[in-house]
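Only this structure's heavy atoms are used, side chains among them; waters, hydrogens and symmetry mates stay out.
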Amino acid sequence: MDPRDTAVLLPPPSGNHVVDGFFDCAEESAHYAFSVQLLLTQYATVVPWQAEGVAELGSGDARAIAHVVRAVPGLTVQGTDISATSVERARQTIAGLDVTDRYDVELGDFFAWADSPAGSRTSTVIANPPYIPAPDGDILMPELWGGWYGNDLVLRLLKAGFDHLLVALPSYSDPAATLAAAGELGYRVANFLAMGLEFGAYSREPKVAEHIARLTAGGHGWADDDSYVVAVALLTRSPQVQRDRATELLRALQLPA
């Protein structure tokens, strides 16, 4: 592999805002892409991605993961997105990076796909799901709403029955409850990468910022006046992973363990 062909070499940042109807945060995309690449390769003996490939919940424009596919020989990804516009953009991105043979994005409901025969043949899912917490979806970009606590999609994913999940967990979206649910379902935190991020336009929206402040004051996460932490974690039910780093992950997210 060419050492310059790394997942962090994304296109030039265009800022933390909407570009042609798509949310764009170059820093978060680079962190997510690099984390997925590193965790998949580091835990290749645990996660059977070389034999099965991986599934992706919510591909968006595919910019981050297309770079991972290009950088990791043998990695194949089956993505799903409910937005026709996102699927069109993703396919353009994938074609532009010449990875159409190993990365496909289909229009549809990921959870319906998960219940299909194809879904039953895959044990690994990657996801950076919508995680903005708010009282309802009437926010600047409704597609980013993750429910009252921000963790609705990841909790649903935990219950879908996959053995290995690589997911983004933000510090202000009740990660302690998410990890408690994961533990009850037999998952361990194999490892993670955490990064501090500034609030973007959607976290700063008064309705959202006030809700985040209430949640964190009530012990359902952490954020300061203008920043939070996002970790990308490998949650697995593999018996090969004996150590559970959930306590370390909570500390990295600035929460009491």
Side-chain angles (χ1 to χ4, degrees), residues 1 7 31-59 64-65 68-69 71-80 102-103 110-129 131 151-171 173-195 229-253 255-257:
M1 180 177 70
H31 170 57
Y32 176 61
F34 180 75
S35 300
V36 168
Q37 178 178 329
L38 182 60
L39 290 168
L40 282 178
T41 53
Q42 182 178 0
Y43 288 90
T45 59
V46 174
V47 180
W49 57 267
Q50 292 165 305
E52 301 176 356
V54 304
E56 180 184 30
L57 188 164
S59 302
I65 298 304
V68 178
V69 173
V72 181
L75 175 62
T76 61
V77 177
Q78 176 59 60
T80 306
R102 294 189 291 122
Y103 190 7
F110 170 85
F111 294 101
W113 175 87
D115 288 334
S116 72
S120 67
R121 293 192 294 268
T122 305
S123 62
T124 306
V125 178
I126 57 176
N128 184 8
Y131 60 69
N151 60 357
D152 280 6
L153 263 292
V154 71
L155 289 175
R156 189 177 178 190
L157 181 57
L158 286 170
K159 297 172 184 176
F162 294 93
D163 287 332
H164 317 284
L165 307 176
L166 279 87
V167 294
L169 300 173
S171 62
S173 299
D174 207 2
T178 300
L179 291 176
E184 291 173 1
L185 291 167
Y187 289 98
R188 296 181 182 88
V189 178
N191 221 323
F192 62 89
L193 287 85
M195 179 179 182
V229 178
V230 172
V232 178
L234 170 57
L235 310 180
T236 180
R237 297 195 292 201
S238 170
Q240 295 181 57
V241 174
Q242 296 296 315
R243 180 174 180 175
D244 186 358
R245 297 181 183 272
T247 296
E248 297 165 52
L249 175 52
L250 286 172
R251 289 173 178 159
L253 293 171
L255 292 165

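The aromatic rings of Phe110 and Phe162 sit tilted relative to each other, their planes meeting at an angle between 30° and 60°.
When every heavy atom of Pro256 is checked against every heavy atom of Leu250, the shortest pair comes out as O-CD1, 4.2 Å. The minimum heavy-atom distance linking Ala177 with Asn151 is given by the pair CB-ND2, 4.4 Å. Closest non-hydrogen pair, Ser59 versus Gly79, comes out as OG-CA, 3.4 Å. Closest non-hydrogen pair, Arg188 versus Ser238, comes out as NH1-O, 3.7 Å. When all heavy atoms of Leu155 and Ala181 are compared, the closest pair comes out as CD2-CB, 3.8 Å. Counting all heavy atoms, side chain and backbone alike, Leu158 lies closest to Leu185 at O-CD1, 3.6 Å.
Of the inter-residue distances, the one linking Leu166 atom CG with Thr236 atom OG1 reads 9.5 Å to the nearest 0.5 angstrom. Taken from CG in Leu253 to CG in Leu179, the straight-line distance is 7.5 Å, to the nearest 0.5 Å. Between atom CD1 of residue Ile65 and atom CG of residue Leu75 there is a gap of 8.5 Å, rounded to the nearest 0.5 Å. If you take CG on Leu193 and CD on Gln37, they are separated by 11.0 Å, rounding to the nearest 0.5 Å. Separating the OG1 atom in Thr76 from the CD atom in Gln50 is a distance of 10.5 Å, to the nearest 0.5 Å. Here the straight-line distance linking atom CD1 of Ile126 with atom CG of Leu39 works out to 11.5 Å at 0.5 Å rounding.
Proximity of a side-chain donor or acceptor of Ser35 to a complementary backbone N or O of Val232 within less than 3.5 Å is not detected. Between the side chain of Arg102 and the backbone N or O of Gly53, no donor-acceptor pair lies under 3.5 Å. The backbone N or O of Tyr187 sits nowhere less than 3.5 Å from a side-chain atom of Arg237 that would complete a donor-acceptor pair. At distances below 3.5 Å, at least one donor-acceptor pair connects side-chain atoms of Tyr32 with backbone N or O atoms of Ala127.
Using a 4.5 Å heavy-atom threshold, the side chains of Val68 and Tyr103 count as separate. In this structure, Asn191 and Gln42 have side chains that are in contact, with non-hydrogen atoms separated by less than 4.5 Å. Side-chain contact between Leu235 and Val189 is present, with at least one heavy-atom pair separated by less than 4.5 Å. A 4.5 Å side-chain heavy-atom check between Pro175 and Leu255 finds at least one atom pair inside the cut-off. Leu169 has its side chain out of reach of Phe192: every pair of non-hydrogen atoms, C-beta onward, lies at least 4.5 Å apart. Contact annotation: the side chain of Leu40 never approaches that of Leu234 to less than 4.5 Å [non-hydrogen atoms, C-beta and beyond].
Side-chain N/O atoms of Tyr43 and Gln240 include no donor and acceptor closer than 3.5 Å. For the residue pair Glu52 and Thr124, no side-chain donor N or O sits within less than 3.5 Å of a side-chain acceptor on the partner.
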Run the side chain to side chain contact (heavy atoms under 4.5 Å, CB included) test on Phe111 and Leu153 for me, step by step, so that the C-alpha distance in whole Å, both residues' side-chain angles and the decisive distance to 0.1 Å come before the verdict. CA-CA 10 Å; Phe111 294 101; Leu153 263 292; 3.8 Å; yes
Any chance you could lay out the side chain to side chain contact (heavy atoms under 4.5 Å, CB included) test for Thr122 and Trp113, step after step, and finish with the verdict? CA-CA 11 Å; Thr122 305; Trp113 175 87; 3.9 Å; yes
